[in-house]
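Structure first, commentary second.
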Amino acid sequence: MATADDVQVSSVTSGSSNPLVQLLQHQTKAADIVKEKVKKLTKFKEDYEALKARLESLPDKVSHQVMVPFGSLAFVPGRVKHTNEILCLLGDNWFVERSAKQAAKIVERRIQGCNESLKRFDDELKLVNSWCDQANKFKKDLNQGLNILETEEEDEQWREEHRKRVREYKQKMAALKQASAEESHERSEEEELFRRLDELEMEEELQDELAKLGVGNGDIDWGDELVEEEEEEEDEAISVEEPPEEEEEPQEEENKKKSVRWSESPDAVKQFRRDELILPGAAHDGHEEDKNQDTLKITFKHSPVSSSSAAASSNKRKAKFASFIAEADPSSSSSSVVSSPSEIFRKFRSHTTEPSGGEPSSSSEPKSILKVKKSTTPVIEIVQRQKQKQKLLEEEGPDASGPAADPDRSSLLQQQQITAVGDEVKERGETASSQVGAAAEGGGDESVNTHRPVSRFRAARMGKKL
Amino acid sequence: MAEGLQKKMQQEVEKFKAVQKEYQSVISSRQQLDSQLTENNGVKEELNLLESDANVFKLIGPVLVKQDLEEARQNVSKRIDYITGETKRLDKAIEDLDKKQDVQREALGKLQQQLQQAQVKAAMKA
């Protein structure tokens, strides 16, 4: 309100001793102004009501007998003649001739306008009154000495209530967390299964592609299948790991996490990080997504098994991991799924031996598959190599799969793109075929790149068919 | 020194008061315009509700002059536009005056400080 503001402005300039008192003065003045307006408006409304009544009664008679005011002091008896012709002032010196009924309608509208203004004034009055009340409250507190300090009792009371509330809140949060964790956990398990299915499908497709590309090289198949199994293993592992999460043997899992970490070299383009997976609840989803992406593109990645020691350690870890998996969740291992790398090898060996009817070239421990680093070998290759190397190492002791392989592998990994087809496959095949025991893997790699890679398994299968 | 300051002070105070008065007058005329605007809006609404054969009159001085309804409507609309234009102009004027007032207040404050310092000095000397 401008007037109220004026009042406030003026009193500000005047200044007074106690600001609180001054504030109260302002507020009361503002309240008074609003009250005045309200009074005026109610009077208007009453007048309009009376006018309306008069208008309704006027056309009852053709002419009314009335006492007409004459000047300021006299009345004259007279008549009101044209009882239905009423000149209405609309505002701003505009008149309109209306009948009694029409005039009554105009009055009705005016009354409505009054009501709206009254409502606004009421709201304003409420606001100003609330200010007044607050100021009065402050004044009272001031007079009482502004005892903001709580009494000890109040304080303790409050503290207890606070504790209760905090407890409840924490419980609620814990419940929420659990609920969300369980949900995500269930979801994650299902997702895991689906992902594994997808991976297997991918693998099949890859194999088909490879078959189209070239026949006769058994390595690729081997690699694919091995990878597949490894993936299954991994999936198993992951699914196994996830359910227990961190509740069961967190330490072991920790170790497993480390052991599971196939890729050792930091150069690996993509690292399949199991540890990432073994995060509780929410983290799972994100990492699983990563894993999903990873697995979709590539089944598995190994850091180049550069040294025999590395291979050995990784092999051991793998063995540990596999055994752990077997321990942890025997139910999850299906007949088709291999529980340890060694089993994979044995399986495939038996698989290859059946068709060929004899010890396949791969019976002797597969040498490191990848000799040549240049090729963008799929992870599969590397994995396979590692496994083969492991076999070699396990069964034949320290092997020559030597240091030569390691730099190759590392460089390979560097270039590592997850491709279904890679030169490494070839190499593996060659090395496998050329055989094992051969410490000089390095020599073979370069020559491998000539022909199309065919997995060993494929080769075996082809042999079988034949 | 102090006397000079005091004179200056008085001058500034007068200036400030003048500005304030102007400000107030502008504010009041703005209020007036505001009420006229609401009134004319009401008239416009009522005129729109009239039938085409209704008689409209305008009070010009002591004379009631019959007006055409359409003409009346147009006149009222024009008046409303004029009023809104005036309102905007006055709003701008209010802003300017407000700024002027602030400037004057600052000047006054500075002068007051100077005065006080001078008085303190005089008191110290004495």
Side-chain angles (χ1 to χ4, degrees), chain A residues 1-15 30 33-34 36-37 40-41 44-45 47-48 51-52 55 82-121 124, chain B residues 13 16-17 20-21 23-69 71-80 82-83 94 98 101 104-105 108:
Chain A
M1 289 188 303
T3 45
D5 294 336
D6 292 344
V7 165
Q8 289 174 355
V9 165
S10 57
S11 35
V12 164
T13 49
S14 67
I33 288 168
V34 178
E36 285 289 324
K37 285 193 181 173
K40 220 169 50 165
L41 217 50
F44 283 174
K45 196 177 165 189
D47 287 345
Y48 278 131
L51 181 60
K52 195 172 167 199
L55 283 172
H82 301 273
T83 51
N84 212 26
E85 292 154 38
I86 299 175
L87 262 177
C88 307
L89 172 66
L90 303 176
D92 195 25
N93 288 343
W94 287 100
F95 287 85
V96 68
E97 199 177 34
R98 301 258 85 194
S99 76
K101 271 191 191 173
Q102 290 167 334
K105 282 188 191 159
I106 294 177
V107 171
E108 252 181 57
R109 269 176 255 138
R110 296 258 176 95
I111 292 174
Q112 278 174 16
C114 277
N115 284 336
E116 279 170 27
S117 299
L118 265 175
K119 199 172 160 226
R120 264 188 282 125
F121 284 140
E124 204 177 330
Chain B
V13 167
F16 183 68
K17 278 188 182 166
Q20 248 196 340
K21 265 190 199 169
Y23 185 75
Q24 297 284 356
S25 69
V26 172
I27 290 261
S28 68
S29 52
R30 171 95 177 32
Q31 281 179 337
Q32 221 183 12
L33 276 179
D34 206 29
S35 69
Q36 278 184 354
L37 184 66
T38 41
E39 194 181 2
N40 275 294
N41 277 328
V43 172
K44 190 175 174 189
E45 278 174 27
E46 286 287 348
L47 283 177
N48 289 337
L49 286 170
L50 288 178
E51 314 88 24
S52 49
D53 62 351
N55 295 329
V56 181
F57 299 90
K58 174 107 181 157
L59 185 69
I60 303 175
V63 181
L64 254 187
V65 180
K66 187 158 160 46
Q67 296 277 346
D68 185 27
L69 180 61
E71 208 183 314
R73 283 179 183 157
Q74 280 175 13
N75 283 347
V76 174
S77 305
K78 276 185 204 164
R79 183 137 172 84
I80 287 174
Y82 169 76
I83 291 176
I94 286 173
D98 207 16
Q101 262 190 330
Q104 285 287 8
R105 256 185 239 132
L108 267 178

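Proteins get letters first, then strands, A, B, ... in listed order; numbering begins at 1 in each.
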Closest non-hydrogen atom pair between A:Val96 and B:Ala54, with its separation: CG2-CB, 4.4 Å
Working for side chain to side chain contact (heavy atoms under 4.5 Å, CB included), residues B:Leu47 and A:Leu90: CA-CA 8 Å; B:Leu47 283 177; A:Leu90 303 176; 3.8 Å; yes
Basic-acidic side-chain contact under 4.0 Å: B:Glu45, A:Arg109: no
Enclosure of B:Lys66 NZ (heavy-atom neighbours >12, cutoff 6.0 Å): yes
Structural part of B:Asn55 lying under 4.5 Å from a heavy atom of chain A: both
Part of B:Leu64 within contact of chain A (heavy atom distance under 4.5 Å): side chain
Per-residue contact mode, B:Leu49 against chain A (heavy atom under 4.5 angstrom): side chain
Side chain to side chain contact (heavy atoms under 4.5 Å, CB included) between B:Gln67 and A:Trp94, intermediate numbers included: CA-CA 9 Å; B:Gln67 296 277 346; A:Trp94 287 100; 3.8 Å; yes
Choice from B:Leu69, B:Val56, B:Leu59, B:Asn40 maximising heavy atom contacts with chain A below 4.5 Å: B:Leu59
Side-chain heavy-atom pair A:Phe95, B:Lys58 within 4.5 angstrom cut-off: no
Inter-residue atom distance B:Glu46.CD - A:Gln102.CD, 0.5 Å rounding: 10.5 Å
Closest contact, heavy atoms only, A:Arg98 versus B:Leu50: CZ-CD2, 3.0 Å
Check: B:Glu39 side chain, A:Asp92 main-chain N or O, donor-acceptor pair, under 3.5 Å: yes
Residue part contacting chain B, namely of A:Leu87, when any heavy atom lies under 4.5 Å: side chain
